[in-house]
Asks: 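Quick one: this structure, given as structure tokens, is what I'll be asking you about.
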Amino acid sequence: MVKLFCDKIRRLLILPPFFKQIMPRNASSYKVLNVAEKNDAAKRISDMLSGHQFQRREGFSKFNKIYEFDYYMLNKHCQMIMTSLSGHLLNYDFVGNYRKWSSCHPLSLFDAEIEKSVTENMNNIKKTIEKEIRSCQALLIWTDCDREGENIGFEIIDICQNVKPSISIYRAKFSEITERSVNNACRSLAQPDRRTSDAVDVRQELDLRIGAAFTRFQTLRLQKVFPQVLSNKLISYGSCQFPTLGFVVERYKAREQFQSERFWKIEVTHTQRHGDEVDQMQVTTFSWKRGRLFDELACKVLHENCIEPPAVAAVIDVNSRPRSRWRPVAMETVELEKLSSRKLKINAKETMKIAEKLYTQGYISYPRTETNIFPKDIDLRRLVEDQTQHPIWGDFSQRLLELDGGPTPRNGRSTDKAHPPIHPTKFTCSLTGNEAKIYELITRHFLACCHRDAQGHETTVEVKLGGEKFSAQGLMIIAKNYLEVYPYDRWNAKVIPVYNVGDEFEPTDVKMTQGATTAPPLLTEADLISLMDKHGIGTDATHAEHIETIKNRMYVELTNDQRFLPGELGLGLVEGYNMIGYQMSQPDLRAELEADLRKICEGNADKDQVLRHHIAKYRRVFEEALSKAEKLDEALSVYFGTASQVNCQVLNPSEVSTSLRPCPSCGKDMIIKRKKDDGFMVSCMGFPQCRNAAFLPKSVISINVDESVCGVCQPRPVHRVRLKLDSRNIPSYFDSEQVACIGGCDEDITNILGIRFKASEGTAQSQNGQRHYSRHNQNNHRGEQGSGSRLSTIRGGGRGAARKRSASGKRKMSTSVANNADTGLENDIPECNCGVRAIELTVRKEGPNHGQRFFKCSKTNRGCGFFLWADAPVRRNNRSTSALTENQGHSSTTSGVTYSATCRCSLPAVHRTVHREGTNKGRSFYACSKPRENGCGYFEWADQDNSKNSAGASRNKENLIGNDTVSRPSARGRKPPTCSLCHEGGHTRRGCPKK
DNA sequence: GCAAGGTC
């Protein structure tokens, strides 16, 4: 009772202004929704702000209660509603088919649309917040004051603004959850920091895109290449797990490459009676000041000097000084993990699991902390008092309380401004097993940290023998202090006799010994955590998880003495990427990102620029990895045997491309996909909501998305494609291999492929910026649109509209061959020899007819062979080629003379250029426009003097060379033969006179 | 089936 009263008095003394702040509940009319990052924080903050007068009720989530109390702030009486989340509420993921491994190319994940949505088990928390905010006028964010906390704060804001756009928003800034700190936060309310939150968005997006792309690529490929070993393995990549693996591999390699060296040294021993005791001898060993020599002969020479008579050692210096052994610094998570692993042999994952359990049971403080500084107002005395009951360290605790100044912790320099160092919060001696060990470690560490450094006295004696110097040290421990409670540190006393400067003695022995350097040992878990911590890989809360991941993935394994050894898969992956040319397992990439994230927080970098930079960087690496993937196979085949041959384009069963274009109907990406019958189709990623698709004809042998983008087609970006067509099924004037746009601007290709994308009414969305709100490479990233746009991801606002449009697109989608209604020439279109309306095309080839329009049979293969220049007179219902007899044919100017070329079929000849290597490369020629097997074989060089052949038909006969005009020219079209024996013209080898 | 970050 007395203690309770004292507590109250003390609180009032500490916080006199707040006494008046606690008002009767009914007095408040201004309602404020307070949201903390976790229930524990919400409860503690409520307890402190309310002076322990809060009321508790249930929300939708059984883990996240609602606390109510009255409080005076913002110059008014406030009715405070406090609830909490459980960490992040939202999570990024890909949209639609991008989530499916087999439905998109991993490369497309660098651009694929992503969205934030509520994590499934967080729905109840969201419902609570949505319900509570309705009756509130203000929102006060109490998430942890770190980067992630700021981002979580904006998740809360998004939800609340969605329900109540006019809500007033405040941010509580606090460095620890203490009465002083939380009350101060209420007196100096701030605004949430968008830049810090943006930095987290950037990290989240990059982690998702890079992790998913590389994981799918590695897994899909290597499962096929090494089916016997890896068929069921998930081969993941992550920006934290890979550097963690890299540390293990690096140490392993250092050991493998280590070359042991022999060395030699000299050691002097001096044995003398211990005090007055006759039978107790004391041996003092003096170490060589040179340490060791790697030259045996040199060591031998010096050793001989030492043993050369009279071989008397002279004491040249005696130095005596106080020595301290420092008590441990207040415990942060990384230290707990390392100590537990080293001293208790409990791995980090298990340690954190136990620590979390102890925390939830109230035995220890929050175990995920980067703080090693105790807050000034923490009641250390009470915490130590608790421990005085303990049978083992109870007495030590009592002595600690009786020290001058009481408990004085040794603080470090880091703080996460959210949690205090790890310390016991409640006495217990009923725990068992590892739980008891972890509690003991935390408690002993806390008591040791609050005690005093150990004190000792060190004496160093230096002697000279044969010109060489040697020294010996002795240690006398004066006060063990913290060491009494801290068995994890050792500080051994070492007694040496008294020596005085000027003393001389005859050494008992002067030995030359031999040794060899040894390889660095494999990493322990504690070493690994230290390296991760040093290089900023992961956080205190995730170190253990990353280590666990690389163990689960079989990248590493543990030796009998619990050291990390890389497995074959881990070694192969690291070596494979090194062979490709990228040090994927080095921590630098992550460190560079961390540096950029700091710049975003500081306002020194633009989040979109950082995002673009890193995505572009990783995309380059990824493309390189794709193109050199066989190197990965090669590296792994060292361990897994011969690699199975796989088509490097085949990354997954459906053979899918990167984004070809935005869907004109719904705005989502359209990709090229292989059909079951081996043909190709262009398909919308919005399937099945959007069924916009186009099926390509059999004449398409291969089609790949090119990097180049069409400058005409909308909505942008519409990529060109690298096409390979079956020359037997296309008009002969048409290049079978080309880079072309199939977005609609090129009517030739559009009509030949019979492809047209249908746009719905919603096409305009691509121009109003909604579709790409979350795509990194569009300059309208969600953050720039304010929190309202972010919210649309939760409620499906902006994107919902797109989905509706998808539905309409489904109905309107057409894959039919385009007609010419939009050309305005419908009435002038002739019928071909098949009796159907011809199609109008434009000459694409560079040459005299470039840009000219013409009609041809509409069938995708050659059809009937009908051809007519668009500016030629049209004869309707023309079922013969008579219309074409009037045509002008191709015309060209050579030597200033214009002429027309017509082939023997009386068709206008086509103008082409020789591409094949050889003497005629670059020459242009005219040839029959029909497919080779049906044509007349007409051929004529364009640079020959054709002026005398004004009549095409008569000239044709002289220039006929058969069907094969370029690759295998026939005798009539050739130059005179050149003999392969004498190299003279006019005859062949067979008729060579020199034969 | 993918990341890393919160949290229970």
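Numbered from 1 within each chain, the chains take letters A, B, ... in sequence-line order. Values in this document were obtained by computation on a predicted structure and should not be read as measured data.
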Asks: Suppose we screen for salt bridge (Lys or Arg N to Asp or Glu O under 4.0 Å). Which residues come up paired with Glu568(A), at least two apart in sequence or across chains?
Replies: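 Checked Glu568(A) against salt bridge (Lys or Arg N to Asp or Glu O under 4.0 Å); zero matches.
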Asks: Using the side-chain contact (heavy atoms from CB on, under 4.5 Å) criterion, which residues pair with Gln609(A)? Sequence neighbours excluded.
Replies: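 For Gln609(A) the side-chain contact (heavy atoms from CB on, under 4.5 Å) partners, ignoring immediate neighbours, are Asp606(A), Arg612(A).
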Asks: Ala348(A): what forms a side-chain contact (heavy atoms from CB on, under 4.5 Å) with it, not counting sequence neighbours?
Replies: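 Glu337(A), Glu525(A), Ile529(A), Ala544(A).
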Asks: Name all residues meeting the salt bridge (Lys or Arg N to Asp or Glu O under 4.0 Å) criterion together with Lys534(A); count only those two or more places apart in sequence or in a different chain, and write none if there are none.
Replies: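 Listed in chain order: nothing, the list is empty.
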Asks: Just by distance, no angles: are the side chains of Asn39(A) and Tyr67(A) close enough, under 3.5 Å, to form a donor-acceptor pair?
Replies: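 Yes, because at least one side-chain N or O of Asn39(A) sits under 3.5 Å from a partner of the opposite role on Tyr67(A).
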Asks: Which nucleotides of nucleotides 2-7 of chain B have their base under 4.0 Å from a protein heavy atom (B), which only their sugar-phosphate (S), and which neither (-), written as one string 5' to 3'?
Replies: BBBBBB
Asks: Select base, sugar-phosphate, or nothing to describe what Gln223(A) touches, counting heavy atoms under 4.0 Å on all strands.
Replies: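 Base, at least one base atom sits under 4.0 Å.
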Asks: Specify the residues of residues 57-64 of chain A, ordered by number, for which at least one heavy atom lies under 4.0 angstrom from an atom of DNA chain B.
Replies: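 Phe63(A), Asn64(A), in order of number.
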Asks: Can you list everything that forms a salt bridge (Lys or Arg N to Asp or Glu O under 4.0 Å) with Glu545(A)? Sequence neighbours excluded, please.
Replies: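 Not a single residue meets the salt bridge (Lys or Arg N to Asp or Glu O under 4.0 Å) criterion with Glu545(A).
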Asks: Can you sort out the partners of Glu132(A) under salt bridge (Lys or Arg N to Asp or Glu O under 4.0 Å), two or more places apart, ordered by chain and number?
Replies: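 Testing Glu132(A) for salt bridge (Lys or Arg N to Asp or Glu O under 4.0 Å), a comparison that skips the adjacent residues, returns Arg57(A).
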Asks: Looking at residues at least two apart in the chain, or sitting in another chain, which of them share a side-chain contact (heavy atoms from CB on, under 4.5 Å) with Ser340(A)?
Replies: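 Scan of Ser340(A) (side-chain contact (heavy atoms from CB on, under 4.5 Å), adjacent residues dropped) gives Leu344(A), Ile346(A), Thr351(A), Ile438(A), Leu441(A).
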